[in-house]
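Here the structure comes first, spelled out in structure tokens, and everything after it is commentary.
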Amino acid sequence: MRYVWINGKLVSENEATVPILTHALHYGTSVFEGIRAYWNPENNNLFIFRAKEHYIRFHNSAKIMGIKVNYSIDELVDATVELLRANEVHEDVYIRPIAFVSASTVNLDIRNLDVSTAIITVPFGHYLEPKGIRAKVVSWLRVHNSMFPMKAKVGGIYVNSVIALMDAKASGFDEAILLNRDGYVAEGSGENVFIVKDGVLYTPPTYDSILEGITRDSVINIARDLGFTVIEKRITREELYTADEVFFTGTAAEVTPVINIDGKIIGNGEPGSITLKVRSYYMDVVHGRVSKYKNWLTPIY
Ligand SMILES: CCC[C@H](NCc1c(COP(=O)(O)O)cnc(C)c1O)C(=O)O
């Protein structure tokens, strides 16, 4: 039996249900996070990766959406540790915190409506093929931050991601890349994008209708540690095609090479050498093998 933490209590997963008129079910009025905890057999421990940063973003998302989360960042980190221990997790796991408007009403004014906060854990391996994936630049654009608070990880915004991913899959690709309203590269349906050209890494700026990814931030630090230059700049569609390497970053995606975009081979069609170097270092960091980043890890046992 697996526990879920909801509103301060551990309940069995099959008890953690919601009524059919739950506001968030109808209108996407929720904010959520995606966090990973990695099992490290060398020291028989489980480490949550950048829990604090995720819960800071969680709180910011809620504030932007006007959803009240009644738990502090430290209380949420502690609740996650308690939940992972209660579920006796000894494997890589995906953690899904969510704060959602739980009131049963069809009204749109959520100011005084009840909100529930829950944390769920699911065993989790690879989200995308680590050997490299094929991506399509889809016709659906990334919602522009003048239309929707793109820094907030809001449930409802993921319809934009879902329809983009379905478009890519329908054409035989693995993932979608979305351009923003101005025609520049924004991000994947659930990942940030990096390109490598002549040994320099580039990634779209955070003001260009993208989620400010925590993995993106980690990879920028890691790449610079490895001696690479990382520049945040607008990337055009053509620059994707002519890049030496392209990769996605995300909690679920980790660091995933993109080896084909719109049918065009990227680089030599294999995962790029810089991509692999960055991924290898990232995996060492999340498993607690790099002392410089130990402060990014929360041990469970
Ligand atoms: C289905 C959503 C999955 C979720 N996507 C995370 C995500 C990212 C990367 O952000 P971070 O590095 O902070 O994870 C970028 N952009 C979008 C639209 C995302 O959904 C994840 O857990 O990776």
Side-chain angles (χ1 to χ4, degrees), residues 28 30-38 48-61 64 80 92-98 119-130 133 135 137-138 140-145 147-169 174-180 184-194 203-223 230 232 235 246-256 258 278-279 282-283 285-286 293 296:
S30 61
V31 294
F32 71 96
E33 271 300 326
I35 311 173
R36 273 188 186 259
Y38 289 90
I48 310 174
F49 186 57
R50 302 194 78 178
K52 217 170 185 73
E53 290 83 352
H54 278 282
Y55 281 120
I56 288 168
R57 186 171 67 186
F58 186 68
H59 263 248
N60 289 340
S61 299
I64 292 165
T80 309
D92 292 352
V93 70
Y94 187 78
I95 303 158
R96 173 52 58 88
I98 183 168
I119 306 172
I120 305 120
T121 63
V122 285
F124 205 74
H126 293 305
Y127 178 66
L128 297 171
E129 173 49 60
I133 61 162
V137 177
V138 295
W140 294 105
L141 298 180
R142 193 61 173 146
V143 179
H144 189 264
N145 36 284
M147 308 162 187
F148 200 95
M150 297 308 287
K151 290 227 173 323
K153 209 170 163 69
V154 176
I157 188 60
Y158 280 80
V159 170
N160 183 212
S161 294
V162 166
I163 58 176
L165 179 58
M166 292 302 106
D167 186 323
K169 293 270 189 178
D174 305 307
E175 207 14 300
I177 293 174
L178 296 94
L179 305 180
N180 62 28
Y184 292 100
V185 173
E187 55 188 341
S189 68
E191 310 86 4
N192 292 114
V193 176
F194 283 77
T203 194
T206 55
Y207 55 75
D208 248 358
S209 302
I210 66 168
L211 182 74
E212 196 162 341
I214 290 167
T215 315
R216 172 186 181 277
D217 175 70
S218 308
V219 161
I220 289 171
N221 281 282
I222 282 166
V230 185
E232 297 180 61
I235 295 171
V246 177
F247 60 90
F248 279 138
T249 64
T251 298
E254 297 166 314
V255 177
T256 298
V258 181
V278 166
R279 177 166 69 185
Y282 178 79
M283 296 315 283
V285 167
V286 301
Y293 292 111
W296 280 355

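Just so you know, ligand 1 is whichever comes first in the structure, and atom 1 is the first atom listed for that ligand. Everything numeric here is computed off the predicted structure, so don't read it as measured data.
The OG1 atom of Thr256 sits 4.5 Å away from the CG atom of Leu128 when rounded to the nearest 0.5 Å.
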Output, or 'none' if empty, a list of ligand 1-protein atom pairs in which both atoms are N or O and the distance is under 3.5 Å, rounded to 0.1 Å.
from, atom 1, to, atom 2, distance (Å)
ligand 1, 5 (N), Lys153, NZ, 3.4
ligand 1, 5 (N), Gly190, O, 3.1
ligand 1, 12 (O), Ile214, N, 3.3
ligand 1, 12 (O), Thr215, N, 2.8
ligand 1, 12 (O), Thr215, OG1, 2.7
ligand 1, 13 (O), Arg57, NH1, 2.8
ligand 1, 13 (O), Arg57, NH2, 2.9
ligand 1, 13 (O), Ile214, N, 2.8
ligand 1, 14 (O), Thr251, N, 2.9
ligand 1, 14 (O), Thr251, OG1, 2.7
ligand 1, 16 (N), Glu187, OE1, 2.7
ligand 1, 20 (O), Lys153, NZ, 3.2
ligand 1, 20 (O), Tyr158, OH, 2.6
ligand 1, 22 (O), Tyr94, OH, 2.5
ligand 1, 23 (O), Thr251, N, 3.3
ligand 1, 23 (O), Ala252, N, 2.8

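Of the candidates Lys153, Arg96, Arg57, Arg57 is the only one forming a side-chain hydrogen bond (donor to acceptor under 3.5 Å, both in side chains) with Glu33.
In this structure, the side chain of Ser209 engages the main chain of Asn145 through a donor-acceptor pair within 3.5 Å. In terms of modelled atom types and a separation under 3.5 Å, the side chain of Lys151 and the main chain of Asn60 share no donor-acceptor contact.
Ser218 and Tyr293 are not linked by any side-chain donor-acceptor pair at a separation below 3.5 angstrom, with hydrogens and angles left out of the test.
Ion pairing between Glu232 and Arg216 holds under the 4.0 Å rule for side-chain N and carboxylate O.
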